[in-house]
Amino acid sequence: MDKRLHDRKFVRTFFTTPTAESGADDSAKKLRSAIGLRGMQAPDVWVPDNEDATAPNMRDEGAENIAEVVAEEGDEFPGEIHPRVVWHRDSPSTRYKGFQHMLEIADPANGAIENIDGFVIPEVGDIDDWKKADEFFTIVENEHDLEEGSLKMSVIIESGSAELAMGKLREEMGKPTNNLERMFLLVDGEVDYTKDMRAITPTGALPEWKELRHNTSRAASAAGLISVDGPFDDIRDVEGYHDRIEANAAMGMTGIWSLTPGQVVEANQSVLPPEEGYWTIDADGRTVELTEEDGVAVYDGDRIELEKEGDTYELEVGSEELELTEEELVEELVDLTAYVPSMDDIVDSMEEFEAAKEAGKGAIAMTRATTVSIDGVEIDISSDRMWDEATYQAMMAPVALFQDVYENRPDQHDDLAELYSEDVVSRAMEVGN
């Protein structure tokens, strides 16, 4: 992984808010509400959205509202603030309007710029279009006597041309003809991407676009940036949102768009290791969490059945029926089950490996064991995992995420201590250092 160019190594939450609404006594009401969020309800990156979330005839007022609200309350906001301005790869007039809004928001006379970390640029096209945006950033910085490169630039990948441009970003960054080192986030915008790709599904629902998410994560890793998934529109489907976050994290994308404070809380917590470890089992293609009862991991479902017949066992998983000896059953259950470690488990294992390495050992075996109960039949299982330096570095990823959160979000210290305990938090901050 290439060196990160910014202090933040991870972003869990990208939360957008309309900047101005007509007919309200205070058109900036939603901005004032969002900037007051704290703790797990506050995002890592807050995006006052002066593009899609705000009507075109309200965007001039929206830019003024951003400057006013951030000037008044930005000092206290615990995350970073990155307004989204209008832009379009095919429209010079739209790009110019976004540039005017950037000038307005960044004007020191308006008092907000000290708390503005950067801007989000939507609807980008090929790499030359990214350079146009970067040039506008540079002009804004020079116009207002700001240090060149001090404003971060994040882009939303909403077209095939933008997706292809990500592959050229690494070689373009650092050239003396641009300031693309200012790049911060690569954000997927699956709705407009679907439109640009002219994709069709039977129900009209969005495709999952796994390839886009993978390509964005890969490009971010190669260029030292951070990748963020697009919005999850079904705000009531908490389980679906959680599953999407887990799937993203497995491909290195720890950030996701959040549309409500509830989604912010879910996204802030979902990528962190759980408070308590737990066992899962593959129940005919569905991963099911086993229930802990007096130290026994219990499966309570109808996709798996187990019965003891004399010296053998009959195991039924879906439509597959197996007759097994006890040794064969143990092997089968080891293959079907997995353990999801808690933060405490991860830190314990890392401390144990650090101690072994200090004693001159390059690799050690760590055993995980439990008793699994299916239909009242209990079977003891255990498995060994070989830990070496590569394993250690891989397991460092969730700890590094936690450390980054703890260092950058002091407003969440109490929440984290309540979740894990002060002792686990302290040890997690020390491991790997």
Side-chain angles (χ1 to χ4, degrees), residues 3-8 11 14 19 35 44-51 59-60 62-75 77 79-89 91-156 162 165 168-187 220 223-226 408:
K3 181 180 179 182
R4 300 292 183 186
L5 303 178
H6 301 290
D7 291 338
R8 290 303 303 253
V11 165
F14 179 95
T19 62
I35 204 169
D44 290 338
V45 170
W46 176 45
V47 184
D49 187 356
N50 209 39
E51 196 224 12
R59 288 172 184 161
D60 289 343
E64 296 173 3
N65 285 346
I66 294 170
E68 178 184 333
V69 172
V70 173
E72 291 173 354
E73 302 182 58
D75 282 345
F77 187 73
E80 295 196 8
I81 303 176
H82 295 250
R84 173 161 69 155
V85 296
V86 294
W87 185 272
H88 201 284
R89 56 195 174 276
S91 174
S93 61
T94 302
R95 296 195 294 268
Y96 182 66
K97 177 59 73 173
F99 170 60
Q100 290 179 309
H101 291 159
M102 290 168 62
L103 281 170
E104 170 79 16
I105 295 166
D107 189 342
N110 292 328
I113 189 57
E114 290 186 1
N115 294 303
I116 297 292
D117 296 281
F119 290 95
V120 177
I121 307 298
E123 297 284 7
V124 290
D126 61 23
I127 196 66
D128 287 340
D129 193 47
W130 298 37
K131 292 178 183 178
K132 291 174 188 174
D134 162 60
E135 187 66 17
F136 278 174
F137 276 73
T138 301
I139 294 171
V140 169
E141 288 163 343
N142 280 276
E143 183 71 21
H144 293 316
D145 294 322
L146 306 173
E147 181 183 355
E148 281 194 13
S150 60
L151 290 172
K152 301 176 187 177
M153 175 173 141
S154 301
V155 301
I156 304 182
K168 301 177 182 178
L169 183 59
R170 175 176 172 149
E171 65 185 62
E172 291 292 336
M173 292 173 68
K175 288 185 177 180
T177 52
N178 64 62
N179 282 317
L180 284 175
E181 299 99 317
R182 70 170 76 251
M183 288 294 304
F184 180 47
L185 303 177
L186 299 177
V187 184
L225 309 178
I226 298 171
N408 288 282

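Numbers here simply count residues along the sequence, with the first being 1. Below, each value reflects all heavy atoms present in this structure, side chains not excepted, and no hydrogens, waters or symmetry copies.
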Non-hydrogen side-chain atoms of Asn110 and Ile105 separated by less than 4.5 Å = no
Write down the atom of Ala223, the atom of Leu169, and the distance for their closest heavy-atom approach.
-> CB-CD2, 4.2 Å
Side chains of Arg95 and Phe99 in contact at under 4.5 Å (non-hydrogen atoms) = no
CG/Asp129 to CG/Asp134 distance, rounded to the nearest 0.5 angstrom?
-> 11.5 Å
CG/Asp44 to CZ/Arg8 distance, rounded to the nearest 0.5 angstrom?
-> 4.5 Å
Minimal heavy-atom distance between Val70 and Asn115, with the atoms involved, is CG1-CB, 3.8 Å
Is the shortest distance from a Lys or Arg side-chain nitrogen in Asp49 or Arg84 to a carboxylate oxygen in the other one below 4.0 Å?
-> yes
Once the angle between the rings of Phe184 and His82 is folded into 0 to 90°, is it parallel (under 30°), tilted (30 to 60°) or perpendicular (over 60°)?
-> parallel
Begin with the C-alpha distance, continue with both residues' side-chain angles, and end with the deciding distance and a verdict on salt bridge (Lys or Arg N to Asp or Glu O under 4.0 Å) for Asp126 and Arg89.
-> CA-CA 8 Å; Asp126 61 23; Arg89 56 195 174 276; over 6 Å; no
Could you tell me whether the side chain of Lys175 reaches within less than 4.5 Å of the side chain of Leu180, counting heavy atoms only?
-> no
Indicate the atoms forming the closest heavy-atom contact of Val86 with His101, along with that distance.
-> CG2-ND1, 4.5 Å
For atom NZ of Lys168, is the number of surrounding heavy atoms from other residues, nucleotides or ligands below 6.0 Å larger than 12?
-> no
Could you check if a side-chain atom of Leu185 sits within less than 4.5 angstrom of a side-chain atom of Val120, using non-hydrogen atoms only?
-> no
Can you list the steps and then say if Met183 with Val155 is a side-chain contact (heavy atoms from CB on, under 4.5 Å)?
-> CA-CA 8 Å; Met183 288 294 304; Val155 301; 4.0 Å; yes
Asn178 and Trp130 side chains, donor-acceptor separation under 3.5 Å = no
In this structure, CD1 of Ile116 is separated from CD1 of Ile66 (nearest 0.5 Å) by 7.0 Å
Nearest-0.5 Å distance that lies between atom CD in Glu51 and atom CD in Glu123 | 6.0 Å
4.5 Å side-chain heavy-atom contact, Lys152 and Glu80 = yes
For Phe137, which of Leu151, Leu146, Asn142 qualifies under side chain to side chain contact (heavy atoms under 4.5 Å, CB included)?
-> Leu151
Interatomic distance, Thr177 atom OG1 to Lys131 atom NZ [nearest 0.5 angstrom] = 5.5 Å
Is any side-chain heavy atom of Ile113 closer than 4.5 Å to a side-chain heavy atom of His144?
-> no
From CD1 (Ile156) to CZ (Phe14), nearest 0.5 Å = 5.0 Å
If you take all heavy atoms of Ser150 and Arg182, which pair is closest and at what distance?
-> N-NH1, 4.4 Å
Shortest non-hydrogen contact from Gly118 toward Pro83 = O-CD, 3.1 Å
Nearest heavy-atom approach of Ala162 to Val124 is CB-O, 3.4 Å
If only atom types and distance count, is the side chain of Glu181 paired as donor or acceptor with the main-chain N or O of Gly149 below 3.5 Å?
-> no
Would you please say whether a donor-acceptor pair under 3.5 Å links the side chains of Thr19 and Asn50?
-> yes
Would you call Ile121 and Val85 a side-chain contact if the rule is heavy atoms closer than 4.5 Å?
-> yes
